[in-house]
Each structure stands twice: as structure tokens, then as C-alpha cells.
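Please read the structure below before turning to the comments.
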Amino acid sequence: ALVNATPDEIVLSHSTTMNVYVLANAFRSRLVPGDEVIVTNLDHEANNGAWRRLAEIGVIVKEWAVNPETADLEIADLKRLLTARTRLVAVTHCSNITGSINDIETIARVVHEAGALICVDGVAYASHRRVDVKALDADIYLCSLYKIYGPHHALMYVRRDLMLALKGQNHFFIGEDRIPLKLNVGGYNYEMIGSLTGIADYFKALHRHHMPGTNVEFPDQLGAIFDLIARHEEQVAAPLVAALKANSKIRLIGRRTADRAERVPTFSFIVEGMDSADVVRRLDAHRLGARHGTFYAYRIVDALGHRPRHGVVRASLVHYNSPEDVSRLVRALGDFA
């Protein structure tokens with residue numbers, strides 16, 4: 001229900017990175033030298049490294065690079081990369097560095113028109129917006145459940161017919177028709193999986209609190225709550241965006257807006273003339289939980305030239321952040337003017 005899939009389309013594991021490595025290995029028998037896979041330099045390495053390693057078997061790996069001026073992926077660039085040999089495109093739904101939301105419905109349509117599959121990393125998106133893998137027309141969709149207020153576990157959706165077609169990665173006696181078990185290597189962590197229902201409990205509790213007396217099914221509860229989350233996040237993020245844009249010493253990376261249709265409230269920036277580690281230490285003194293680094297998205301931080309000074313500073317908001325939290329951060333950022 002969380003992503004609008006059926007149970008036999010869901011693979012559970014301890015991390016998205018592990019899920020993608022298993023998945024990429026399952027693809028190897030479907031690929032021949034000269035086949036093409038397209039990856040981006042915007043994605044977290046979880047949806048990058050395993051696909052790039054397919055070059056070991058002769059797969060041609062192409063990179064869909066961001067526009068360095070905007071830090072955005074442009075669909076025109078993707079269209080130039082696609083050929084009759086393209087088999088898969090791996091792309092993020094939302095960057096964990098820029099916070100920018102990619103138009104997955106349009107990207108999926110372009111990819112499918114070229115005869116290829118799409119693997120979408122929704123880890124940085126699913127904390128903030130409702131995921132519907134069917135509406136997106138995603139062949140594969142990745143989530144880290146601890147980002148959706150659950151335990152440290154990961155979910156991978158694989159469209160049913162595709163999962164049946166992929167080479168099983170479990171023990172030899174696990175039949176190719178036994179889905180999703182064929183892509184779950186070894187046994188489940190039952191205690192962890194048992195705790196996943198707490199995610200549903202949490203969203204149901206939010207719905208009861210904010211919309212008491214409303215009698216709707218869980219998927220509709222999710223839709224209503226994520227709409228409320230998006231509106232709240234846009235509201236609390238607006239003063240932060242204004243402060244980042246107004247400060248001549250600070251460079252905000254990515255889209256310079258709080259518009260909920262354009263981005264989630266994940267904000268990365270650099271301060272001119274300062275090491276990002278020093279910026280974070282000064283924010284720490286205000287008891288503000290910003291952090292610095294590449295956040296496992298080395299390629300985009302490198303492409304923008306920001307790794308030498310300990311990467312970027314990242315300040316992230318979610319639905320339980322308040323206007324007062326943001327006011328404290330805005331005041332602290334004033335120290336860098």
C-alpha cells in the first residue's frame with residue numbers, strides 16, 4: 001500500500017545499495033556486450049555503482065550529466081543518449097543533494113518509447129511525497145524505509161512480469177517463479193520486517209490527529225497526509241530559501257525555490273571562503289543539525305567542484321520541523337553574511 005504495489009512485487013533487504021547490487025547481478029544474463037545502460041551523475045551511489053560495474057561484461061555505460069549551471073537533468077540530453085541498444089536508465093526521483101524533483105512520469109515515457117526499462121531511486125523522495133509506482137510507470141522503484149520513519153531496512157519494487165523474467169539470485173532450489181523470494185538473497189530479518197507495520201501505524205496516527213472522523217482506506221489516508229506534509233514543508237522552507245538567496249556569501253545549490261512541486265526541503269549550500277566542515281561546526285554551536293560532505297553522491301558534488309572543502313553543507317527539513325526551527329537556522333546563517 002505504501003507504494004501501490006502487490007506483495008509479490010516487493011523485495012525487502014537491509015539497504016537500497018544491497019538491493020541494487022542483487023538486481024544488477026540479476027540483469028547480467030539479460031545483457032550482451034554492446035548493450036547500453038544510462039546512469040546519472042546526480043544519483044546517490046546506490047543507484048550508480050552496481051550499474052556502472054556492468055561494464056565488466058561489455059555493457060556500454062553512458063552518463064546522463066546534469067547541467068552544471070542549474071544542477072538539473074535535462075530530458076533533451078537523455079533523448080540524445082538513448083539508442084536502440086539502451087536497455088535500462090537509472091535515475092533519481094529526487095536528489096539528496098539538490099532536493100530537486102525529477103519528472104519521472106515524463107522520463108519513464110521517454111525511456112519506454114525507446115524500448116528500455118527505468119530504475120528509479122526514490123530514497124530522498126519518499127519521506128516527503130506519496131509514491132505510486134503504477135502512476136509513475138516505473139519498472140523498478142527503490143526506497144529506504146528508515147527515511148519513511150521506519151527501521152533501517154529497504155524496499156525495492158520490481159514490476160511483476162520483470163521480476164519473473166529476471167535471473168533468480170537465491171539458492172538453486174528457489175524456483176524462478178517464486179517471487180519475490182528469488183531476489184531476496186538468503187533469509188529475511190523477521191524482527192525487522194515485523195516492525196515495518198509501525199510505518200503504517202505512524203501514518204494512520206497522523207491521519208487520525210489531523211483529520212479526525214474521516215473514514216477512508218489506508219492508501220487515501222497516505223495521499224491526504226502526504227499532501228498535508230508537502231504544504232507544511234513548503235511553508236516552513238520558504239523563509240530559509242529567502243535567507244539563503246539573500247545572503248551574498250552563500251550559494252544555494254539547485255532550484256532557488258520552496259515550491260513543493262519543484263523540490264523537497266533538502267537544501268545544500270556552500271559559504272564562500274569557508275570550509276564546509278567549519279560551517280557545520282559553527283551551526284553545531286547553535287544546536288542545529290546540519291551536516292557536511294558528499295552524502296554518498298560523490299559524482300554530483302565533484303561535478304559542481306565542491307568536494308575539496310569537505311563537500312557541501314546540507315540542512316534538511318521534514319514535516320515535524322517547525323517555523324521556530326527554521327527561524328533559528330536563519331538567524332545562525334546571518335553569522336555568515
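Each residue takes its place number in the sequence, starting with 1.
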(request) Test side-chain contact (heavy atoms from CB on, under 4.5 Å) on E9 and V158 and set out the steps. (result) CA-CA 5 Å; E9 294 175 310; V158 183; 5.9 Å; no

Going from [atom1] on [X] to [atom2] on [Y], what distance comes out if it is rounded to the nearest 0.5 angstrom?
| X | Y | atom1 | atom2 | answer |
| --- | --- | --- | --- | --- |
| L283 | L288 | CG | CG | 6.0 Å |
| D43 | E63 | CG | CD | 10.0 Å |
| H306 | I300 | NE2 | CD1 | 8.5 Å |
| H207 | L228 | NE2 | CG | 9.5 Å |
| I38 | L82 | CD1 | CG | 4.5 Å |
| C143 | I148 | SG | CD1 | 4.5 Å |

Tell me, do [X] and [Y] make a side-chain contact under 4.5 Å, heavy atoms counted?
| X | Y | result |
| --- | --- | --- |
| V236 | P265 | no |
| V123 | N96 | no |
| F269 | L333 | yes |
| T294 | R307 | yes |
| D77 | R80 | yes |
| R129 | R260 | yes |
| V313 | V271 | no |
| L23 | W51 | yes |

Report yes or no: do [X] and [Y] belong to one cluster of Ile/Leu/Val/Met/Phe/Trp/Tyr joined by side chain heavy-atom distances under 4.5 Å?
| X | Y | result |
| --- | --- | --- |
| L142 | V22 | no |
| V241 | V312 | no |
| V20 | V133 | no |
| L196 | L155 | yes |
| V264 | I229 | yes |

Can you tell whether the side chains of [X] and [Y] come within less than 4.0 Å, N to carboxylate O?
| X | Y | value |
| --- | --- | --- |
| K79 | E113 | no |
| R178 | D8 | no |
| E272 | R251 | no |
| R299 | D302 | no |

What are the two closest non-hydrogen atoms of [X] and [Y], and how far apart are they?
| X | Y | answer |
| --- | --- | --- |
| A71 | I253 | CB-CG2, 4.5 Å |
| E56 | R28 | OE1-NH2, 3.3 Å |
| R263 | T98 | NH2-O, 3.0 Å |
| S127 | K147 | OG-O, 2.6 Å |
| L183 | A26 | CD2-CB, 4.0 Å |
| A46 | T16 | CB-CG2, 4.1 Å |

(message) When you compare the side chains of N189 and H14, does any donor N or O come within less than 3.5 Å of an acceptor on the partner?
(response) no

Using a 3.5 Å distance criterion without hydrogens, assess whether the side chain of [X] forms a donor-acceptor pair with backbone atoms of [Y].
| X | Y | answer |
| --- | --- | --- |
| K204 | F218 | no |
| N184 | L12 | yes |
| D35 | V32 | yes |
| R160 | I179 | no |
| R130 | L2 | yes |
| S276 | G311 | yes |
| W64 | I75 | no |
| N102 | I104 | no |
| K62 | L81 | yes |
| N41 | V66 | yes |

(message) One pair to check against side-chain contact (heavy atoms from CB on, under 4.5 Å): T92 and N47. What are the steps and the verdict?
(response) CA-CA 8 Å; T92 187; N47 200 27; 5.8 Å; no

(message) Tell me whether R87 forms a cation-pi arrangement with F27, defined as NZ or CZ under 6.0 Å from the six-membered ring centre and within 45 degrees of its axis.
(response)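 Relative to the ring axis of F27, which defines the angle, R87 lies outside at least one limit.
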
(request) May I have the step-by-step check of salt bridge (Lys or Arg N to Asp or Glu O under 4.0 Å) for R281 and D284, ending in yes or no? (result) CA-CA 5 Å; R281 274 191 286 271; D284 277 345; over 6 Å; no

Within a radius of less than 6.0 Å around [atom1] of [X], do more than 12 heavy atoms belonging to other residues, nucleotides or ligands occur?
| X | atom1 | answer |
| --- | --- | --- |
| M274 | CE | yes |
| F336 | CZ | yes |
| R52 | CZ | yes |
| F173 | CZ | yes |
| K249 | NZ | no |
| Q235 | CD | no |
| Y149 | OH | yes |
| H310 | NE2 | no |

(request) Identify, with sequence neighbours excluded, every residue that meets salt bridge (Lys or Arg N to Asp or Glu O under 4.0 Å) alongside D275. (result) none

(request) For R231, check salt bridge (Lys or Arg N to Asp or Glu O under 4.0 Å) against everything at least two apart and list the hits. (result) D227

(message) Test: ring pair (Phe, Tyr, Trp, His ring centres under 6.0 Å). Region: residues 226-266. Which pairs qualify, not counting sequence neighbours?
(response)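 Every pair satisfying ring pair (Phe, Tyr, Trp, His ring centres under 6.0 Å) with a residue in residues 226-266: F203-F226.
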
(message) I225 vs H319, test: side-chain contact (heavy atoms from CB on, under 4.5 Å). Steps then yes/no.
(response) CA-CA 10 Å; I225 286 301; H319 61 279; over 6 Å; no

(request) Kindly determine whether D137 and R109 satisfy salt bridge (Lys or Arg N to Asp or Glu O under 4.0 Å), including the steps that lead there. (result) CA-CA 8 Å; D137 202 15; R109 184 173 66 252; over 6 Å; no

(request) Carefully, step by step, assess M156 and I10 under the rule side-chain contact (heavy atoms from CB on, under 4.5 Å). (result) CA-CA 6 Å; M156 177 170 68; I10 297 296; over 6 Å; no

